There are 2 protein chains.
Amino acid sequence: MLSKKTKYAIKALVALGKNVQNPPMQIVRLAEQEMIPRKFLEQILLDLRNAGYLYSKKGAGGGYSLNKDAKDIYLVDILRITDGPIAMVPCASLKFYRKCDECHDEVTCGIRKTFIEVRDATLKVLTQTSIADVIAKESNGILMD
Amino acid sequence: MLSKKTKYAIKALVALGKNVQNPPMQIVRLAEQEMIPRKFLEQILLDLRNAGYLYSKKGAGGGYSLNKDAKDIYLVDILRITDGPIAMVPCASLKFYRKCDECHDEVTCGIRKTFIEVRDATLKVLTQTSIADVIAKESNGILMD
DNA sequence: TAATAGACTACTATTTCCATAGACTTTATT
DNA sequence: AATAAAGTCTATGGAAATAGTAGTCTATTA
């Protein structure tokens, strides 16, 4: 299951993606609009900012805005920031590899091989879906391939 | 991430799948062989048995064996027993649907639509992979399609 | 009838997640 | 210069999920 952190992150990015024409959006406004606990959202935006996806400005008239085009922000990258590995077992993770406690011989492990397939199937979707795509899916059912 | 419960379940099923020629296997032996805490394994086997995947026999000479052919036990079913939903958001789950707390309008939710795609990609692998397939993958890299 | 082995329920410990608090820094405005 | 607005950063607390343990009960075999 996705953590709330990740859901909030995606919702925030979507909201900021829709806000590109306007001046930066303050945490408080974003929190109210998206019904996200303010202080929790604060931390999440921080992470996204430190990873380079958001631009922030302090002081009066400050706030948050996207630091990249919404079509260049892919869900896979967001999930990795907020939830960590995409794979369902650590030994099948590309970016967060860890040996499984339970595993004797990883090379011949059938579970691992299976969940590498699952990982690849998941990655195929997540590496192809940007924040712009998520926004596009909201209004109508038409996909732009 | 898969829970340990699920990993243990798969390992147990794989071990029992390799044991079909022999008399039923006792929990204690299975626990030792697969390095799974005995009492925890006991609960897991119970669940799998109550779901119809295992046959058990009490008393001396008793133990556990598969109640179906290993090629008819699919990972998707095991995961649903031990971990619940396959989808990463409850509103995208086929068997464990729940409304998302955060969601206003589910019908137009772009996040939901995306994670339905992820779910389908994951299901495609998990509904096609049986315990027999996992065993087959162990020994060599050859897949029988 | 004693020993073996699973069935079932209750409980405890550990970890992860979610959220809140508060003090600090930067920027704009007056 | 002072004040207010707004983000930065670290620490901490509580709740829920996960992992594991204990003990009693029931069935089967020898």
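What you are looking at is a predicted structure, and each value in this text was computed from that prediction instead of being measured. Reminder, nothing fancy here: chain letters follow the sequence lines and each chain counts from 1.
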Exercise for the section: Report the nucleotide, chosen from dA7(C), dC18(C), dG7(D), that has the shortest atom-to-atom distance to any side-chain atom of Ser56(B). Expected result: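 The nucleotide sitting nearest to the side chain is dA7(C).
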Using whole Å, report how far [atom1] of [X] lies from [atom2] of [N].
| X | N | atom1 | atom2 | result |
| --- | --- | --- | --- | --- |
| Met88(A) | dT18(D) | CE | P | 12 Å |
| Asp47(A) | dG7(D) | CG | C1' | 14 Å |
| Leu46(B) | dT9(C) | CG | P | 9 Å |
| Phe40(A) | dG13(D) | CZ | P | 18 Å |
| Met25(B) | dG6(C) | CE | P | 11 Å |
| Lys4(A) | dA17(D) | NZ | C1' | 14 Å |
| Leu48(A) | dT8(D) | CG | P | 11 Å |
| Arg38(B) | dA7(C) | CZ | P | 13 Å |

Have a look at [X] and say if it touches a base, only the backbone sugar-phosphate, or nothing, with a 4.0 Å heavy-atom cut-off.
| X | value |
| --- | --- |
| Lys39(A) | base |
| Ile27(A) | sugar-phosphate |
| Tyr8(B) | sugar-phosphate |

Practice task
Please name the pair of heavy atoms, one in Met1(A) and one in Pro85(B), separated by the smallest distance, quoted to 0.1 Å.
Solution key: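 In this case the closest contact between Met1(A) and Pro85(B) is CE-CG, 3.1 Å.
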Handout entry: Considering all heavy atoms, the nearest Val107(B)-Lys113(B) contact
Key =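 So the minimum-distance heavy-atom pair works out to O-CE, 3.6 Å.
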Handout entry: Pairwise 5' ranking along DNA chain C for Gly59(A) and Val28(B), keeping only the more 5' one
Key =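 Nearest nucleotide further toward 5': that of Val28(B).
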Handout entry: Check against side-chain contact (heavy atoms from CB on, under 4.5 Å), Ile131(A) and Leu75(A)
Key = CA-CA 7 Å; Ile131(A) 294 298; Leu75(A) 288 192; 4.0 Å; yes
Exercise for the section: Can you check whether any acceptor in the base of dC9(D) is under 3.5 Å from a donor in the side chain of Glu42(A), or vice versa? Expected result: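 When only heavy-atom distances are counted, Glu42(A) does reach the base of dC9(D) through a donor-acceptor pair under 3.5 Å.
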Problem - Base of dT20(C) paired with side chain of Gln43(A) (donor-acceptor, under 3.5 Å) - result: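 Side chain to base: pair present.
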Under 4.0 Å between a side-chain N or O of [X] and OP1 or OP2 of [N]?
| X | N | answer |
| --- | --- | --- |
| Lys58(B) | dC25(D) | no |
| Arg49(A) | dT8(D) | yes |
| Ser3(B) | dA17(D) | no |

Handout entry: Test applied, side-chain hydrogen bond (donor to acceptor under 3.5 Å, both in side chains); reference residue, Glu117(A); option that passes from Gln128(B), Lys137(B), Lys124(B)
Key =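 Output: one option passes, namely Lys137(B).
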Handout entry: Main-chain N/O of Cys109(A) paired to Asp105(A) side chain as donor or acceptor, under 3.5 Å
Key =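 Checking the backbone N and O of Cys109(A) against the side chain of Asp105(A), no donor-acceptor pair under 3.5 Å is found.
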Handout entry: Whichever of Gly61(A) and Lys57(B) has its nearest DNA chain D nucleotide further upstream toward 5'
Key =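 First, find each residue's nearest nucleotide; the 5'-ward one identifies Gly61(A).
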